Amino acid sequence: MKRFTLLFLLLLATLPASARKIVIHAADYGIMPHATDLTARVGQLFSSLERRLKPEDHCVVKFKKGRYEFHSEAAAVREYYISNHEQELPKHVVFDLQHLRGVTLDGDGADFVFYGTVVPFALGYSTNCTLRRFSIDFAQPRMLPLEIIESSDRGIRFSIPTWVEASVSPDGYFQTHGEGWTYRPSAGMAFEKATHHLAYGAGEFGVNTKGCRKEADDTWFAPNWKNAALKPGHVVAARDWNRPTPAIYINECARTRVEDVRVHYAFGMGLLAQRSEDITLRGFSVCLRDGDKTDRYYTTHADATHFSQCKGRIESTGGLYEGMMDDAINVHGVYLRVDSLIDSHTLLATFAHDQAWGFAWGDAGDSVQFVRSKTMEEFGKNTIASIRPADRTTCVGAKQYVIKLSAPLPEELTAGGNFGIEDLTWTPEVRFAHNVVRNNRARGALFSSPRRTVCEDNLFDHVSGTAILLCGDCNGWYESGSCHDLVIRRNRIRNCLTNYFQFTNALISIYPEIPDLDAQQQFFHSGIVIEDNTFEAFDRPLLYAKSVNGLTWRRNRVVENNEYAPFHWNKERFLLEKTKNVDLKE
């Protein structure tokens, strides 16, 4: 007891004398469960925190357990440029949490339900903040389930849940409605109704509802939509490729924690973090509600979690990720395309992808390197002496940067789009552990960082593409980061790769985008260890690796089954292209 008291007194002595622990009850501000629209009141509460709190304060904002509804009309209107989303402005934000220090939002199990195309949570320019114990959902998802009743050369007949507001457009297309939007699906993925697995072999497909009509039995018939892979009992997640807003947006923050938060639906990604440092996800999930197991089949229009141009440490543990239209996690930096050389030390560089621009890219003092786009060879390490936007007065909304480097530019560097520049300072360590990833499209986990990355003790269950992908691309996505210290261990990979998508050449795919592999003199990835994993597989390809120097495969177990028929074009257990120092031990 004396030891505990002494430790407690020492802890108190380390706190600033003026530090306060403040508890704010949302109910005291009229923010109570079951009210019709609390958007304005939430905005007033959190906009006042910055001026009310001192930097050394510790503040907890507490909500009562229950359902809260938020509409778009009173949402904050902001110019936010969110990486890997549509750069459509303005963004409408409900919980706009900006310039905060030491603030915890504790939902106590609250259910936050949103209407309209809003960003539910935007955390910006904040330090030591925590989001805890609540769920995020939308009352009117834009992606919707179409249950196939009949599929033939006559067309497709389908039914929709009673909560979907639908009609036929004046030009004859099926369309749905929500607060502030009307939507016409154009693409889809099929789920098995009984299992919620992505339908084997159905892949991605177009949804053509031209000439659609509502039948007397409340089903819908689309005579111009024909797809032999769709069968009665399939449920199609119908959507388009637009991804306007994530559920949680984290921008230029340090030491952020998200604990026991569940995202049930988002118009874009579940959580998008950019230019932020040290992010911890504990029990963060992108998952279906228990009551939606026979109603919804999907969660997000893209990744569950996505980290763009971050640094420090990213840790994601104890999560459930299911029903996404892309990865459970994607960690990468951003290549800028070198457009022109201004002088021997200075260049003009551009965000090249149309979904990743408008935010700060680097700082003076950052370490950078160049990459040859066609061969993905890295060279010419340097340091930023100064950086400024070329097309804006601030970084907000910028597409081009003037970058002055401390040392002269490499002699081979020329303009013309054949080179990229990568910021090595803004690269994180990563740990992805004890998570469940299941029943989603495309890939399970995607890592692109040169720092220590560990993927361990996860279950990848019926991911319809590759379970784990290492990429790197300065040609299309412009997502940077070669891997040099990566461990994949003690994961269970169960019946994945039931469809074929980009980069999905095996259950584990090491697939940098290299247009001219024959001309490559160096290697892109290195230092990869794959050990003690269990593969439950119905098909042949376990590992595909391209441009790797240093790859170890050991103590992995393969359990063959016949749940599905083998279909993949790759018939090799191990398919290697341009590799060196590879040690395969089954």
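The basis for the numbers below is simple: all heavy atoms, side chains too, and nothing from hydrogens, waters or symmetry mates. Fair warning: this is a prediction, and the values are worked out from it, not measured in the lab.
Listed by chain and residue number, Tyr321 satisfy the side-chain hydrogen bond (donor to acceptor under 3.5 Å, both in side chains) test with Ser316 (two or more places apart in sequence, or in another chain). Evaluation of the ring-ring contact (aromatic ring centres under 6.0 Å, His included) rule for Phe432 yields no partner, not counting sequence neighbours. Under the salt bridge (Lys or Arg N to Asp or Glu O under 4.0 Å) criterion, Asp111 pairs with Arg289, not counting sequence neighbours.
A donor-acceptor contact under 3.5 angstrom links the side chains of Asp96 and Tyr80, judged on distance only. With hydrogens and angles left out, the side-chain atoms of Asp423 and Trp361 include no donor and acceptor closer than 3.5 Å. No donor-acceptor contact under 3.5 angstrom links the side chains of Thr280 and Glu315, judged on distance only. Looking at Glu179 and His71, their side chains do bring a donor and an acceptor atom within 3.5 Å of each other. Residues Ser83 and Ser308 bring a donor and an acceptor atom of their side chains to less than 3.5 Å of each other. With no hydrogens or angles considered, no side-chain donor-acceptor pair links Asn84 and Gln355 at under 3.5 Å. Side-chain contact check for Arg142 and Asn242: at least one donor-acceptor pair (N or O, by modelled atom type) lies under 3.5 Å. Side-chain polar atoms of Ser482 and His525 form no donor-acceptor pair below 3.5 angstrom.
Pro33 and Gly66 make their closest contact through CB-CA, 3.9 Å (heavy atoms, listed as atom of the first residue, atom of the second, distance). Nearest heavy atom pair, residue Leu53 against residue Arg20, reads CA-NH2, 4.3 Å. The two atoms that bring Pro120 and Ile136 nearest to each other are CG-CG2, 3.9 Å, heavy atoms only. Heavy atoms only, all atoms of each residue included: Thr425 and Arg451 are closest at O-NH2, 3.9 Å. Cys310 and Ala273 get closest at one heavy-atom pair: SG-O, 3.5 Å. The two residues Gly270 and Ala247 come nearest to each other via the heavy atoms O-CB, 3.2 Å.
Taking the ring centroids of Phe503 and Tyr511, they lie under the 6.0 Å cut-off. Close placement of the Tyr68 and Phe63 rings is indicated, their centers lying within 6.0 Å of each other.
The ring pair (Phe, Tyr, Trp, His ring centres under 6.0 Å) test with Phe351 singles out one residue from Trp357, Tyr81, Phe359, and that residue is Phe359. Residue Phe138 forms a ring pair (Phe, Tyr, Trp, His ring centres under 6.0 Å) with just one option from Phe70, Trp181, Phe267, and that option is Phe267.
Classification of Asp327 and Arg443 as a salt-bridged pair holds, one side-chain N sitting under 4.0 Å from a carboxylate O.
Residue-environment remark: CZ (Arg41) stays at or below the threshold of 12 foreign heavy atoms within 6.0 Å.
Seen from the ring of Trp241, Arg243 does not count as a face-on cation partner, given the 6.0 Å and 45° thresholds.
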